Amino acid sequence: MRILFLACLRANTGNSTTADRIKSHLEAAGHECELRDSAGLQCPLEVAKLVSQRKFDAGLAIHVYKAGRFLLANRIPFGVIFGGTDINEDVKNEEKYRVMRAVLEDARFAVAFTNKMKKVAEKLWPQAISKIHIQPQGILSMPNLSFDFQAFLHNAGMLQIPGKTHIFLLICGLRRVKDPLYLVEAFAEWHERESSICLAIIGPMVDPLFTNEVKVQLHNVDGVHLIEEIPQADLQALIKRSFAVVNSSLSEGMSAAILEAMDLEVPVLARNIPGNAAIIRHEHTGLLFSNPKEFVKLAKRLMSEPDLKRKITNNAKNYISAHHSWELERKTYQNLVHICLTEEL
Ligand SMILES: *[C@@H]1O[C@H](CO)[C@@H](O)[C@H](O)[C@H]1NC(C)=O
Ligand SMILES: *[C@@H]1O[C@H](CO)[C@@H](O)[C@H](O)[C@H]1NC(C)=O
């Protein structure tokens, strides 16, 4: 089957990794799958043309509103995957809500990443209840085994004290909502007393204006490094070499970086917000902090209590295998496409 897959691909690495992964699941089942950026589309008509020219048999979209609406009024069967903004933002707009209802009416299946998301969606669109499935994001980490860590540290201007450097890694797109500077002051102070501690902030420089602001603010700060985005496999290698992965943002949703760190058996220190508390149980699968001071306290504990670190990374790895299985995700999408999109309903 030829599948047209629409997703918002720019400015959000999380979304496009998910899309790539699902695409690979479908290709593994023998389908052809073409991924298109929904942000570049204007109207359903444009998609209709694409469908008839390129002879697509079925459609799939991540984000009911931002992408799914373009599949309306096409004759191909399609499925949708809920995106965070569908349920957190777009639904508040009456016109968008109406469009999403139409999309869900026509869609043959809808996927929610979490049970909570499914519950909310069912309340909003009760007529779609029977179509909504839960499938958490699958995690499959494949770190670049030949990643040159020393060269990376050197290029990033990071001082390497052999066997001693503790890198805390904050992975995030540079946008104000991600609050990347939340821990900077605490780190600078800590670094002054313990020079082996450093914070590396890494991610796409999404907002150029804000990126500049961050650069200016970090200019005279020792112990905090801003690093431009690197390929996914290299990033995973870097996670593996870090002491801990940090999440300090206030935004909603589920952080793929956190899940990957858990899979790579690297401890996670995350701000105590609903999205993070949904994946991390404090002192069990990670550590949750509520302010910079508490962050430093917990980070120090993690450094001085190897047993705590071992317990957390073991539990986290088990959690990922049980709840974010890549194999299960593959089966779910292959089945949904096979059952819902190939057979005439
Ligand atoms: C892996 O790391 C090496 C050394 O840093 C680099 O040359 C290579 O391009 C990386 N490979 C991938 C697939 O990213
Ligand atoms: C932190 O976690 C939240 C919730 O899990 C997520 O939405 C956000 O993108 C993450 N941010 C960073 C900087 O990792």
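Counting starts at 1 for both ligands and their atoms, in listed order. No experiment lies behind these values; they were computed from the predicted model shown. Numbers here simply count residues along the sequence, with the first being 1.
A side chain to side chain donor-acceptor pair (under 3.5 Å) with His25 is found for one member of Arg330, His31, Glu327 and no other, namely Arg330.
By the 30° and 60° cut-offs, the orientation of the rings of Phe152 relative to Phe149 is parallel.
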Checklist entry - When you look at His323 and Tyr319, which way does the ring pair (Phe, Tyr, Trp, His ring centres under 6.0 Å) test go after all the steps? => result CA-CA 6 Å; His323 298 280; Tyr319 169 83; 4.8 Å; yes
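For residues 262-293, the set of pairs meeting the ring pair (Phe, Tyr, Trp, His ring centres under 6.0 Å) definition, not counting sequence neighbours, comprises Phe289-Phe295.
For Asn335, the side chain to side chain contact (heavy atoms under 4.5 Å, CB included) criterion is met by Ile339, not counting sequence neighbours.
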Under 3.5 Å, which donor-acceptor pairs link side chains of residues 73-85 to any protein atom two or more places apart or in another chain?
residue: Asn74; atom: ND2; partner: Phe70; partner atom: O; Å: 3.2
residue: Thr85; atom: OG1; partner: His63; partner atom: NE2; Å: 3.0
residue: Thr85; atom: OG1; partner: Lys66; partner atom: NZ; Å: 3.0

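Within 4.0 Å of ligand 1, protein heavy atoms belong to Asn144, Ser146, Phe147, Asp148, Asp234, listed by chain and number.
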